[in-house]
Amino acid sequence: MTTSAGFARRPTPTTGLSYDERRAYLFLTPLAAVLMGIAVFPILYSFYVSLYSIKLTRPQRAPFVWLDNYVVVLSDPQFWGAVERTVIFSVIAVAAILVLALLVALLLNEEFPGRRVLSALLLIPWAIPYVANALMWKWIYDSNYGALNGILYQLDFIDTYMVWLGDADKTLALIANAFVWKEVPLAAILLLVGLKTIPADLYSAAKVDGANVVKRFLHVTLPALGPSFALVLIYETMMAIRHFDLFFILTEGGPGDASHVVAWRIYVETFRNLSFGTGAAMSYILALATLALSYVFIRALAQRVTT
Amino acid sequence: MTGNLSRRSFLKSTAAVGLGCAAELGGIARAPAAEIINFATWSAAVDTVKSHLAAFEAKTGIKVNYSNLPWAQYRETMITKFVGNAPIDTLWVSDSWLPEWADAGWLVPIDQYKTLTAYNADASDFCNQSMIYKGRQYGLTYYTDYMGFIYDNELLQKAGIASPPTTWAEVADQAKTVKSKGLSEWPVLISLAQETWLIEFLSAMVFSHGGRFVDDNGNAVMQDGGALSALRWLVDAVHKHKILSPSCVETGELAGLKTFSSGQHAFGLIPKYRLRTLNDPSQSQIAGRAMLALMPQGEGGSHATVGWMRFYGMTPRAQADTTRAENTVKLIEWFGGKADGEYRFQKLLFKDVGAAFGVKSLFNDPEMREAYKAYGDVDLIGKQQALARKKDVISPWFGEWNDVNGASWQQAVLGKVTPEQALKTSAAKWAELKKQS
Amino acid sequence: MAPRVRAQRLRLRHLSRIVVLWAASLAFLVYVLAPVAWLLSSSFQTEREIVSRPPHWIPQQPTLQNFTAIFAAKDRSVTYETRRAADPATGGYIPSTASNLVPAISNSLLVACAVVVFNLLVGVPAAYAMAKIRFRGRQASIYAILATRVIPDIALVVPFFLFIRNLGLLDSLWSLIITYLAVTVPFSVFILVSYFESLPDELDKAARVDGCSRLQTLTRVYLPLALPSVVAVMLFAFLASWNEFLLALMFTQTPKSQTLPIIVASFTSDFTISFSFINAAGVIAVIPPVILAVAFERYIVSGLTAGAVKG
């Protein structure tokens, strides 16, 4: 109805773009430049690198090998072992995060004195750098002087100091614990946001129907949290699959193979074995797998939202 | 259509802008420092090095940028630096990496510098040989040593054991005695963490069991023979006799040194030069009790152990510029050769840290002989030295094979695979890498 | 139901609710704070005390020596006479790289601030455009932006490393600023777009009627209203840059450009270094981001709730 709106929509004869569209593209240019130059380009370049056999310890030769690197990677049992470990780690971590974040979100959703303080303290694990988190847990898990040993010993749960990170059966779970501790705050906030959108009348209606706390939780809260859960699930799975920092600092893939996950494998292949070709191929496979996984998740999420 | 055209050109222009920006920012590089020599080491004898450097700077006026990294991850960290073109002129190198680093072009030969090669005549053959690759010499000796079998005399006496073990079977028996008397929970210390030291611990075990990783032709023989019996001994020590802690796969050499020096173990595989630290009252709780014994022999084995040497290498970057090359050579000579007419750094290193020198004439130096007596049986030390053998896995692909081999041995010790399987994996990896090269 | 019984039942329910809340709060506090408290406690202990078994939960001989080593670390000149003959191998060793912590902090600070500024410069106009302007490819662009973040960092490291190396940008803060920008911008744009979308369109039209250009509409009308999300974006971008490790590990070679996480990580792998010192370094790494996060906590939640609690 306003002339300015109409003015904005009329295409100019020279470029064919309306004023609005030109402005939009202008505002988007820096973003597009950044993403093009720094996100899109490396992805394409990575594929290009993966088609060559490049070993930095043999700088003279870099033959073109088509998809040979991919064949080598996909037929390497070490790679599939790493995939298995990544899956185990991610499942443990994401399950723990969902449960703990839900509990925290439920707690912070209640009104009680001191809730604001708890909310603020919740952010501490999230704000800590991954490196500091790793260092902290490495010290807690230390076999000789660590706090975990100390506390269990003082409470008489164990009678001598145990090996933690060096015990191949426990390694992944312990690393997952350190990861979960740091991820719970953000997941809890996302779930809290979901909780806050549940209209209070739903709860009142349920109460009138005679539902107690547990029933209200199961039939009102959980279903309404569906989308938030899905969001946390997707996000945390993505983070768990790609996580590197804790593996680098806590165990460097050890002991033996116990924590040798795909992200670590890529690092070793690229920066220790200096085989950039296979390293690029591996990282490309990981990228494609992550994309596929997120696509599947988002489709499932979209379905749940629409049904 | 005009609309489509503009969108395509928009995309093209943003791509160009993006790449252009990135390229322009590349122009903001800094000018290389001409006068400073970059000296990279691992964190050993730090103050000794610093004091010697202070003297160097005072005498020659050449400034040195000295940096040190943990030895346990030295190879990995240095490789990232090499690949990242970090400025390094001279550095400490382990004999294990010479072929790999020389082939990759990160080290350059130094035999054209006559001031340096003049020292070869006075250096032990073991050292000289270890620095030669494809007929060229790549450095001057930093130090040389071997893996020692060290025992805590007091614990043995308390357990009623008259003399230290001579075979690995005896080690197991004596360890069980010590343990049953409640003197130590894990009488045997062998550090099997995946770090730079690991290959030396493993080689000592393998050689003393009469085995080898690789034969003279460079083919893998690790899948049976002495290597297999060595691995079997380790597995039994952890799971059957329970004399070696399962945390050994997590324990590095330094951590092991710390626990040994607090009297928690009766026997340990420890680099011989650590005797100096172990017998120093200000640094160790078992001062006076740590003694060297000949490496126990396995069945069909011998008292052989593994010897190694580390040297000063030079990088292409140093050689590229004449002044820098000259200065770097001066620095290498100051440390690896003579400083002010004497082997000062070697003597300091020996006095401070106990690190053995590769210089023949120093063996006759009375000061050195006195110092040796302070912490060990000089004759025994010499006897074991004669039986120290070079690692047989030194090759251009050592780094990558070492990771796999270390993980395999750890898997076996953890009980995840059998020793046969573990060694088969190692052998297969060796064959694969050898074929690829 | 008799009123007294009902009142009793209400009180009981009220009481049990309080008990449950308090128990849960306590468990929560222990879970969140205990590890950090231990980190803090360890940093104030001497090396001799820190290796006690079982550990001393509260330092019996608290000391500031670890922190003074970080801040007062000066390369003391070492001569033959003043050298310490002890082998650093026995531990209790304060590394010479301790003096790199303070420059690393300044590097981290520079990079984080630059990333925040660029995030806003790049993200705010883009978010405004995507939220308020109808243009072709709008829907797709939002998905495309999020899709770039699905690729794991480790997959980007290889090509980016080679690319930056060829540009000679390795070991410079710019390599970090550029990569961190790419890593943080998608999430920033996502937050800003959500928030902008929740702001009424009428303001836009009203501003246009008043004769504002698009840019002026953005800066004068929407930006002030979108302040919570802008603060949230600044916080996220700052923290993401401050905490980032993998890319910094790849691109920085010397203390000239190394950021705090890299220096701290280098301590954890060096067994010669005293445990208490490592913990002190950890505390230094932790304090700035925690202070920021706790201080601006309110904006994080409101920045994320944009659009969720619509009327």
Side-chain angles (χ1 to χ4, degrees), chain A residues 2 4 20-21 23-24 27-28 30-31 34-35 38-39 42-43 45-46 49 104 107 110 112 118-125 127-132 135-136 138-140 145 147 150 153-154 189 193 196-197 238 242 244-245 249 263 266-267 270 276 279-280 283-284 286-287 290-291 294, chain C residues 21 24-25 28 32 35-36 38-39 42 51 53-55 121-122 125-126 128-129 133-135 148 150-156 158-160 163 178-179 181-182 185 189 205 208-209 214 239 242-243 245-246 261 264-265 268 275 278-279 282 285-286 289-290 293-294 297 301 304-305 308-309:
Chain A
T2 58
S4 48
D20 260 3
E21 286 191 321
R23 277 288 167 274
F27 285 174
L28 285 172
L31 177 65
V34 165
L35 290 182
I38 290 148
I43 297 173
Y45 190 34
S46 170
V49 167
V104 171
L107 174 65
E110 298 288 327
F112 60 92
L118 288 189
S119 281
L121 290 179
L122 174 67
L123 289 181
I124 291 180
I128 290 183
Y130 267 113
V131 167
L135 174 170
M136 187 175 75
K138 187 169 189 178
W139 179 230
I140 293 178
Y145 312 111
Y153 184 74
Q154 276 191 316
I189 290 181
V193 166
K196 289 212 182 297
T197 64
M238 295 300 127
R242 72 213 286 165
F244 172 79
D245 303 9
I249 300 205
I266 296 178
Y267 172 73
T270 313
F276 272 63
S283 56
Y284 217 75
L286 179 65
T290 332
L291 268 171
S294 58
Chain C
L21 281 179
S25 301
F28 171 83
V32 167
V36 184
W38 174 235
L39 179 74
S42 301
V51 294
R53 292 160 67 127
L121 286 178
V122 168
Y128 171 66
I133 306 179
R134 302 258 168 280
F135 62 91
T148 59
V150 171
I151 312 282
D153 289 349
I154 192 106
L156 295 177
V158 173
F160 213 50
F163 180 59
I178 299 171
T179 34
L181 186 57
V185 143
V189 167
K205 298 197 171 84
R208 302 298 304 287
V209 168
R214 280 290 187 189
L239 285 178
W242 186 274
N243 296 346
F245 177 70
L246 177 61
V264 169
T268 59
F275 295 121
I278 295 179
N279 280 296
V286 159
V290 163
V294 170
E297 172 252 340
V301 179
L304 283 178
T305 46
V309 199

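Chain letters run A, B, ... following the sequence lines, proteins first, then strands; residues in each count from 1. When reading the values below, keep in mind they use all heavy atoms of this one structure, side chains included, and skip hydrogens, waters and symmetry mates.
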Who among [options] has the most heavy-atom pairs with chain A under 4.5 Å?
| options | result |
| --- | --- |
| C:Pro125, C:Gly282, C:Ala293, C:Ala129 | C:Pro125 |
| C:Pro35, C:Pro261, C:Ser25, C:Ala265 | C:Pro35 |
| C:Asn279, C:Val189, C:Val264, C:Ile278 | C:Asn279 |

Check [X] against [Y] and note the closest heavy-atom contact, atom names and distance.
| X | Y | result |
| --- | --- | --- |
| A:Pro129 | C:Pro289 | CD-CG, 4.1 Å |
| A:Arg242 | C:Pro152 | NH2-CA, 3.3 Å |
| C:Ala126 | A:Leu31 | CB-CD2, 3.6 Å |
| C:Ala24 | A:Leu107 | CB-CD1, 3.8 Å |
| A:Val34 | C:Ala182 | CG1-CA, 4.1 Å |
| C:Val286 | A:Ala132 | CG2-CB, 3.5 Å |

Practice prompt. Before giving the answer on side chain to side chain contact (heavy atoms under 4.5 Å, CB included), spell out for C:Phe160 and A:Tyr45 the whole-Å C-alpha distance, their side-chain angles and the decisive distance to 0.1 Å.
Written response: CA-CA 8 Å; C:Phe160 213 50; A:Tyr45 190 34; over 6 Å; no
Which atoms of [X] are under 4.5 Å from chain C, going by heavy atoms: the side chain, the backbone, both sets, or neither?
| X | value |
| --- | --- |
| A:Ser46 | both |
| A:Thr290 | both |
| A:Ile124 | both |
| A:Phe276 | both |
| A:Leu291 | both |

Worksheet entry | Non-neighbouring partners of C:Phe28 that pass ring-ring contact (aromatic ring centres under 6.0 Å, His included), sequence neighbours left out | none
Discussion item. Before you tell me yes or no, could you show the steps for C:Asn243 and A:Tyr130 under side chain to side chain contact (heavy atoms under 4.5 Å, CB included), namely the whole-Å CA-CA distance, both residues' side-chain angles and the distance that decides it to 0.1 Å?
Written reply: CA-CA 6 Å; C:Asn243 296 346; A:Tyr130 267 113; 5.7 Å; no
Fill in: Portion of C:Leu239 that has a non-hydrogen atom of chain A nearer than 4.5 angstrom
side chain
Discussion item. For the interface with chain C, which of A:Gly150, A:Gly279, A:Ala263 has the highest count of heavy-atom pairs at distances below 4.5 Å?
Written reply: A:Gly150
Response to the item:
Scored by heavy-atom pairs under 4.5 Å with chain C, the best of A:Val104, A:Leu118, A:Ile140, A:Val49 is A:Leu118
Fill in: Intermediate values then yes/no, side chain to side chain contact (heavy atoms under 4.5 Å, CB included), C:Leu39 and A:Leu135
CA-CA 9 Å; C:Leu39 179 74; A:Leu135 174 170; 3.9 Å; yes
Discussion item. Test of understanding: with side-chain hydrogen bond (donor to acceptor under 3.5 Å, both in side chains), list the residues that count as partners of A:Tyr153, not counting sequence neighbours.
Written reply: none
Worksheet item: Relative to each other, are the rings of C:Phe245 and A:Phe244 parallel, tilted or perpendicular (30° and 60° limits)?
Response: parallel
